[in-house]
Each structure stands twice: as structure tokens, then as C-alpha cells.
There are 2 protein chains.
Amino acid sequence: MYGKRNPDETRRHLLEAAYEEIHRVGFQAASLGRILERTGVTKGALYHHFPNKKALGYAVVDEVIRAQLHAGWVVPLRSADDPVDGIIRVLSERAAEMGDHLVQLGCPLNNLAQEMAPVDEGFRRRIEALFHLWRGGIAEALRRGQREGRVREDRVAEDCALYIVSSIEGCVGAAKSAQDRRVLIACSGGLLDYLEGLRRGEGHG
Amino acid sequence: MYGKRNPDETRRHLLEAAYEEIHRVGFQAASLGRILERTGVTKGALYHHFPNKKALGYAVVDEVIRAQLHAGWVVPLRSADDPVDGIIRVLSERAAEMGDHLVQLGCPLNNLAQEMAPVDEGFRRRIEALFHLWRGGIAEALRRGQREGRVREDRVAEDCALYIVSSIEGCVGAAKSAQDRRVLIACSGGLLDYLEGLRRGEGHG
DNA sequence: TAACATTCATACTGGTCGGTATGTATGGAA
DNA sequence: TTCCATACATACCGACCAGTATGAATGTTA
């Protein structure tokens with residue numbers, strides 16, 4: 001397009017469009033034709049940058065979703081004073097940032113996980129790497145909180161992180177299934193209960 | 001097949017095969033050809049019993065999945081003495097019954113919800129009706145527990161049921177994403193924490 | 001047994017898809 | 001200026017898919 005040539009830009013455009021297409025309809029139902037249509041890129045260009053559809057999907061996970069997760073969760077949690085406060089704040093920030101997309105289409109990472117994990121091991125491993133990153137960021141914050149006396153020490157940080165991430169995906173999934181933002185709010189109440197229960201001095205441990 | 005004729009049976013076979021196919025690859029990727037192949041039913045028979053693919057999918061939700069949910073969750077919870085004990089017992093029973101299928105392929109209802117809710121309103125409503133049934137069974141048990149003094153009364157039963165179901169789906173989803181049964185166990189630990197916290201006399205309310 | 005609706009069976013259609021073959025324009029290096 | 005890899009563009013292919021047209025059995029009813 002434009003008669004101009006710019007390989008890096010076209011690759012970026014393809015990745016962004018593929019990300020949105022996959023987020024909208026899933027990987028298997030994603031149409032290369034629609035991606036090309038929306039980007040103005042031609043099939044020749046696409047197959048120059050990616051050997052096949054699967055490689056494009058892999059790149060979306062490895063680059064686009066990974067960058068979002070890193071910037072949206074890992075980095076912010078590093079600079080949080082209190083881990084529980086930090087998780088709650090990041091949670092609401094991410095929910096606000098994604099807006100209606102989160103309720104309508106769900107979490108891009110979890111969508112892919114649920115669709116592709118049983119079907120393609122390459123996807124599964126890449127997706128699991130991102131979940132590992134995510135849980136790692138939360139667990140690190142929780143461990144720091146334990147050292148600083150903010151988080152109860154009778155819990156294993158990694159186990160808590162696993163449950164927190166799963167619970168987030170559960171809540172987002174419920175809201176998506178209902179196509180109703182209020183479900184996200186109501187469901188998050190239970191998660192907040194759990195998070196508050198992780199603070200130090202909450203008894204019954 | 002068999003030269004014999006039996007409309008009810010062929011319909012049942014079709015529904016069962018469709019259920020399995022959808023559970024395996026999702027509705028959109030489900031192939032009528034594969035369903036016919038595995039049942040031995042022909043295309044003419046299929047389109048005699050169902051007007052189109054979508055109607056077959058709807059019937060799977062309305063009949064197959066609904067029956068499973070009713071028999072597996074609603075009925076058992078009605079005869080539970082303690083709701084928290086009951087939920088925990090049903091949880092493990094269901095997990096045991098589905099075996100590796102649960103970890104490999106995930107929850108049939110939630111799979112469909114995540115795939116189809118944003119795409120087709122007919123699916124969404126039917127799926128949401130089943131979630132309503134499920135949450136209703138749990139909420140009813142919790143309310144009875146509150147009346148009988150077994151469950152703390154500073155919680156709204158419906159909100160708790162929403163979070164419990166979402167949390168279950170989150171845990172199952174995590175295990176499916178990891179394709180690892182141990183993830184299901186570890187993740188359920190957090191849910192058990194939450195459930196135990198619903199019992200009466202647990203402080204910090 | 002004759003008429004008729006139900007229950008299937010077979011062959012075919014149009015459309016979409018991922019992928020490929022082939023060609024062309026660009027830009028940098030020698 | 002020549003050469004050549006890079007970066008595209010266009011046309012086409014075979015596979016699969018949901019859905020349809022048509023007809024043949026089968027069971028039911030009169």
C-alpha cells in the first residue's frame with residue numbers, strides 16, 4: 001500500500017490485526033482474508049513475514065499479548081507498596097483500560113488458552129509461559145509482602161498466585177458469558193474477600 | 001444403519017456424538033461430517049431431526065448438558081446436610097467422574113460459554129440459563145445453611161454462588177491450560193479456603 | 001391394500017479457507 | 001550500472017464445510 005515499502009510496519013500491522021481478529025472470534029475461526037482486508041496487506045506480504053497461520057498466532061502470543069501482560073501486570077506490581085492493595089489497584093486499572101472489550105470478548109490470553117490448549121501443544125506451551133509470567137509477578141509481590149509483614153505467612157505465595165489468576169479468569173469469564181459488566185463487579189466481590197483474607201492478622205489460619 | 005428404523009435412538013446418538021465433538025473442538029470447529037462418520041447416521045437423517053447445525057448445538061445445551069448439570073449438581077445438593085460439605089463433596093465427585101476429560105477438554109458448559117457468548121445470542125441465553133440453574137442450586141443450599149446456622153449470614157447467598165461457580169470454572173480452566181491434573185488440585189486449595197470461610201463463626205466479617 | 005407422512009439415503013452445490021506458484025517492484029551492495 | 005536478496009502482489013488450487021435437492025424405503029392409518 002502507498003507504494004511505500006516498510007517491512008517492520010507491515011509486520012506490526014499484521015500482528016495487531018491478527019490479535020484483534022483472534023480476540024474477536026478465536027484462532028481457529030480467525031480468517032486470514034479478514035486480516036488482510038482490514039490491514040490492506042496482501043497475501044504475498046503476509047506469507048513473506050509468516051510461514052503459515054499458526055506461526056502468526058504464535059507471534060501474537062509471544063509478542064503482542066506478552067507485551068500487554070508485562071506492561072499491565074508485572075511492571076506495576078513491582079512498584080506496589082502493599083501487594084494486596086497493588087493487586088486490587090492493577091485489577092481495576094486493567095478492567096477500566098480494556099473497557100467493554102473485556103466483558104464482551106473476555107481475556108485474550110485465557111480465550112486462547114481455553115481454545116487451543118487441548119488442540120495444539122505449541123500454543124499451550126507459549127500460553128503457559130505467559131501465565132507463568134503473570135503468576136510470577138503476583139507471587140513475587142506476595143513474597144515481598146510476607147517479608148515485610150503485610151501478608152500472612154501461612155500461605156504459599158505461588159499457590160495463592162495460581163488461585164488469584166484463575167479466579168480473575170473465572171470472573172471475567174462469567175461476565176463475558178453473561179455479557180454484563182455488573183456480573184464482573186459482583187463476582188469480583190468474592191475475589192476481594194479472598195484477597196483481603198491474605199493480609200496479616202486475619203485469624204483462622 | 002442396520003436397516004432398522006428408530007428415530008428417537010438416532011436423535012439421541014446424534015446428540016451424544018455432537019456433544020462429544022463440541023466438547024473436543026468447540027462448536028464452530030465441530031464438523032457435521034465427523035459426527036455423521038462416528039454415528040453412522042447419514043446427512044439426510046441429521047437434517048431430518050435438526051434444521052441446521054446451530055439447532056443441533058442448541059439441543060446439545062438444552063438437553064445433554066442440562067441433564068448432566070441437573071443430575072450432577074442440583075439434585076445432589078438438595079440432599080446435603082451441610083452446604084459447604086455438600087459442595088466440596090459434589091465438587092470432588094464430579095471431578096472424579098469426568099476423569100481426564102475434565103483436565104484435557106475442560107468444562108463443556110464453560111467451553112461453549114467462552115466460545116459462543118460473544119458470537120451468538122441464542123447460545124448465550126441458553127448457556128446463561130444453565131449457569132442460572134447451577135448457581136441457583138448452590139445458592140439454595142447456602143440459604144438453607146444460613147437458616148440452620150451452618151453458614152455465616154453476613155454474605156448474600158447468590159453472590160457467593162456466582163463466585164463459587166466462577167472460581168470452579170477458573171480452576172478447571174487453569175488445569176486445562178496447563179493440561180495438568182495437579183494444577184486442578186493446587187488451584188482448588190484456594191477455593192476450599194474460600195468455602196471454609198463461609199462457615200459460621202469464622203470471624204472478620 | 002391403498003394412500004400417505006415419517007424417516008432416512010445419496011449426490012450435489014456454492015462458498016470459504018489456508019496455502020502455493022509465479023511474477024514484479026524495490027533498494028542496497030559491488 | 002549490474003546484481004541480487006528482500007518485500008511485496010496476483011492468480012490459482014484442493015480441501016472441507018454447511019446446506020439442499022431428490023428420491024427411496026419404512027411404518028401408519030384408513
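Residue numbers begin at 1 in each chain, while the letters A, B, ... track the order of the sequences. Values reported hereafter were calculated over all heavy atoms of this structure, with side chains retained and with hydrogens, waters and symmetry mates removed.
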With a 4.0 Å cut-off on N to O distance, would you call Arg124(A) and Glu121(A) a salt bridge?
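Yes, Arg124(A) and Glu121(A) are salt-bridged.
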
Return the value, rounded to whole Å, for the distance between atom [atom1] of [X] and atom [atom2] of [N].
X: Glu9(A); N: dC8(D); atom1: CD; atom2: C1'; value: 15 Å
X: Leu14(A); N: dA7(D); atom1: CG; atom2: P; value: 13 Å
X: His13(B); N: dC8(C); atom1: NE2; atom2: C1'; value: 15 Å
X: Leu46(B); N: dA18(D); atom1: CG; atom2: P; value: 10 Å
X: Asn6(A); N: dG28(C); atom1: CG; atom2: P; value: 12 Å
X: Asp8(A); N: dT6(D); atom1: CG; atom2: P; value: 14 Å

Its contact letters, B for base, S for sugar-phosphate only and - for none at protein heavy atoms under 4.0 Å, make nucleotides 15-22 of chain C read --SBBB--

Using only side-chain N and O atoms of [X], determine if any of them is under 4.0 Å from OP1 or OP2 of [N].
X: His49(A); N: dT6(D); answer: no
X: Thr10(A); N: dC8(D); answer: yes
X: His48(A); N: dC8(D); answer: no

Is the NZ or CZ atom of Lys53(A) positioned over Phe27(A)'s six-membered ring, under 6.0 angstrom from the centre and within 45° of the axis? yes

Stepwise, does the side-chain contact (heavy atoms from CB on, under 4.5 Å) test hold for Asn111(A) with Lys176(A)?
CA-CA 11 Å; Asn111(A) 287 0; Lys176(A) 174 183 168 188; 3.1 Å; yes

Residue set satisfying side-chain hydrogen bond (donor to acceptor under 3.5 Å, both in side chains) with Gln104(A), at least two apart, ordered chain then number -> none

I'd like to know whether Asn110(B) forms a side-chain contact (heavy atoms from CB on, under 4.5 Å) with Val172(B), so could you lay out the CA-CA distance, the side-chain angles of the two residues, the decisive distance to 0.1 Å, and finally the verdict. CA-CA 10 Å; Asn110(B) 195 48; Val172(B) 172; over 6 Å; no

Take Arg143(B) and Glu140(B) through the test salt bridge (charged side-chain N to carboxylate O under 4.0 Å, His left out) and record every step on the way to the result.
-> CA-CA 5 Å; Arg143(B) 276 195 306 269; Glu140(B) 189 188 321; 5.4 Å; no

Separation between CZ (Arg199(B)) and CG (Asp82(B)), nearest 0.5 Å, reads 5.0 Å

So CD of Gln28(B) and CD1 of Ile22(B): to nearest 0.5 Å the spacing works out to 11.0 Å

Decide yes or no on side-chain contact (heavy atoms from CB on, under 4.5 Å) for Tyr19(A) and Ile35(A), but give the supporting numbers first. CA-CA 9 Å; Tyr19(A) 166 78; Ile35(A) 293 173; over 6 Å; no

Review item, nucleotides 2-5 of chain D N/O atoms under 3.5 Å of protein N/O:
none

